[in-house]
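Below, each value reflects all heavy atoms present in this structure, side chains not excepted, and no hydrogens, waters or symmetry copies. The model shown is predicted, which means the values in this text are computed figures rather than measured ones. Numbering starts at 1 and runs along the sequence shown.
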Amino acid sequence: MAQFRLQGSRVLAVELGGDAVKARHGSMVAYTGQMTFKKLTGGGDGLRGMVARRLTGERMTVMEVKGQGTCYFADRATEINLVRLDGETLYVEADNLLCTEAGLHTGTSFTGLNGVSSGNGLFTTKVEGHGWAAVTSNGPAVILRVDKSMPLRVDPGAYVAHTGNLHRSVKSGAGWTTVIGEGGGEAVQVEFTGEGLVYVQPSEKVTLGGDV
């Protein structure tokens with residue numbers, strides 16, 4: 001089984017003993033031992049994953065890394081967060097998924113108009129199974145817990161990933177004064193209800209519904 005550990009906060013070290021991991025193409029920065037690198041077709045498993053990524057314009061190219069030794073991964077000096085899955089599903093923006101154990105199933109989940117309204121596209125990436133996943137964030141991610149009594153609203157540009165039994169919907173953050181530029185605040189927010197964890201980064205990427 002591959003062993004995931006952080007080398008500092010911006011480099012992922014994966015110790016391999018003949019097994020494999022799937023990682024973002026081009027994210028390897030160094031390795032020791034004997035490794036092979038194989039480019040995989042599509043960002044997710046199966047035809048649906050490939051079609052979804054073409055529809056949304058995502059260019060997530062994945063490679064399989066297999067061998068004996070330690071491989072080091074990084075992506076533009078972003079912070080790396082380790083997520084352990086024990087049968088749960090991780091929903092994560094494609095740009096934020098760095099590496100997963102080979103045994104985890106990756107695919108796509110349809111978000112519909114909610115994703116389009118928040119600027120995150122029609123589909124999001126989902127990771128399922130048992131094992132480790134490495135997720136990047138622009139700055140150290142904050143993990144926020146959601147329960148049935150306390151919904152959470154997140155700026156779409158700060159959202160990274162979530163796990164648990166959560167429902168995601170788009171909410172208006174303000175009235176028309178914000179939309180036409182006469183007020184402050186966020187025009188669109190993503191609301192999470194249910195029970196689970198939401199990963200938020202302390203930096204906002206540009207979205208269709210961010211601060212206007």
| Does Thr124 reach the side chain of Thr108, with side-chain heavy atoms less than 4.5 Å apart? | no
| field | Arg24 side-chain N/O to Phe73 backbone N/O, donor-acceptor pair under 3.5 Å | value | no
| field | Asp19 versus Ala2, closest heavy-atom pair with distance | value | OD2-N, 2.7 Å
| query | Out of curiosity, Leu197 CG to Leu166 CG, how far, rounded to the nearest 0.5 Å? | reply | 8.0 Å
| said: Return the CG to NE2 distance between Asp86 and His130, rounded to the nearest 0.5 Å. | reply: 6.5 Å
| field | same_hphob_cluster(Val190, Tyr91) at 4.5 Å side-chain heavy-atom cutoff | value | yes
| request: State which residues pass side-chain contact (heavy atoms from CB on, under 4.5 Å) with Asn165; sequence neighbours excluded, sorted by chain then number. | output: none
| message | Can you confirm whether Leu152 sits close enough to Gln189 that some side-chain heavy atom of one is under 4.5 Å from a side-chain heavy atom of the other? | response | no
| task | Identify whether Leu6 and Val21 are in the same connected component of the hydrophobic contact network (ILVMFWY, side-chain heavy atoms under 4.5 Å). | result | yes
| task | Please check if Val83 and Leu97 belong to a single hydrophobic cluster, counting links between Ile, Leu, Val, Met, Phe, Trp and Tyr side chain heavy atoms closer than 4.5 Å. | result | yes
| query | Just how far is it from atom OG1 of Thr100 to atom NZ of Lys22, taken to the nearest 0.5 Å? | reply | 4.5 Å
For residues 62-70, dump all side-chain donor-acceptor pairs below 3.5 Å to protein atoms at least two apart in sequence or in another chain.
none

Please table the atom pairs, donor to acceptor, closer than 3.5 Å between any side-chain atom in residues 138-145 and protein atoms at least two apart or in another chain.
from   : atom 1 : to     : atom 2 : distance (Å)
Asn138 : ND2    : Ser203 : OG     : 3.0

| message | Donor-acceptor check, side chain of Glu191 to backbone of Val170, threshold 3.5 angstrom: yes or no? | response | no
| Heavy-atom check, side chain of Val127 versus side chain of His105, under 4.5 Å | no
| note | What one should report as the nearest heavy-atom pair of Cys71 and Met28 is SG-CG, 3.5 Å
| message | Can you list everything that forms a side chain to side chain donor-acceptor pair (under 3.5 Å) with Glu15? Sequence neighbours excluded, please. | response | Arg5
| With sequence neighbours excluded, residues passing side chain to side chain donor-acceptor pair (under 3.5 Å) with Ser137 | Asn81
| Which other residues belong to the hydrophobic cluster containing Val11, where Ile, Leu, Val, Met, Phe, Trp and Tyr are joined when side-chain heavy atoms lie under 4.5 Å apart, directly or via other members? | Val29, Tyr72
| Minimum-distance pair of heavy atoms, taken over all atoms of Val200 and Val160 | C-CG2, 4.4 Å
| task | Spell out, yes or no, whether Phe37 and Leu40 are grouped together once hydrophobic residues are joined by side-chain heavy atoms under 4.5 Å, including indirect joins. | result | no
| task | Enter the distance from Thr125:OG1 to Leu90:CG here, rounded to the nearest 0.5 Å. | result | 9.5 Å
| Results of ring pair (Phe, Tyr, Trp, His ring centres under 6.0 Å) for Phe192 - residues two or more places apart only | Tyr159, His162
| task | Treating Ile, Leu, Val, Met, Phe, Trp and Tyr as nodes and any side-chain heavy-atom pair under 4.5 angstrom as an edge, say whether Val135 and Tyr199 lie in one connected cluster. | result | yes
| query | Partners of Ser9 by side-chain contact (heavy atoms from CB on, under 4.5 Å), sequence neighbours excluded? | reply | Glu79
| message | Main chain of Thr136, side chain of Asn96: is a donor-acceptor contact present, judged purely on distance under 3.5 Å? | response | yes
| field | Smallest separation among heavy atoms of Leu104 and Trp132, with atom names | value | CD1-O, 3.3 Å
| task | Not counting sequence neighbours, which residues clear side chain to side chain donor-acceptor pair (under 3.5 Å) with Asp75? List them please. | result | none
| query | Minimum heavy-atom separation for Arg84 to Glu88, with atom names? | reply | O-OE1, 4.3 Å
| task | Just jot down the side-chain contact (heavy atoms from CB on, under 4.5 Å) partners of Glu195, sequence neighbours excluded, or say none. | result | Lys148
| remark: Nearest heavy-atom contact between Cys99 and Phe4 is SG-CZ, 3.9 Å
| field | Non-neighbouring partners of Ser149 that pass side chain to side chain donor-acceptor pair (under 3.5 Å), sequence neighbours left out | value | Asp147
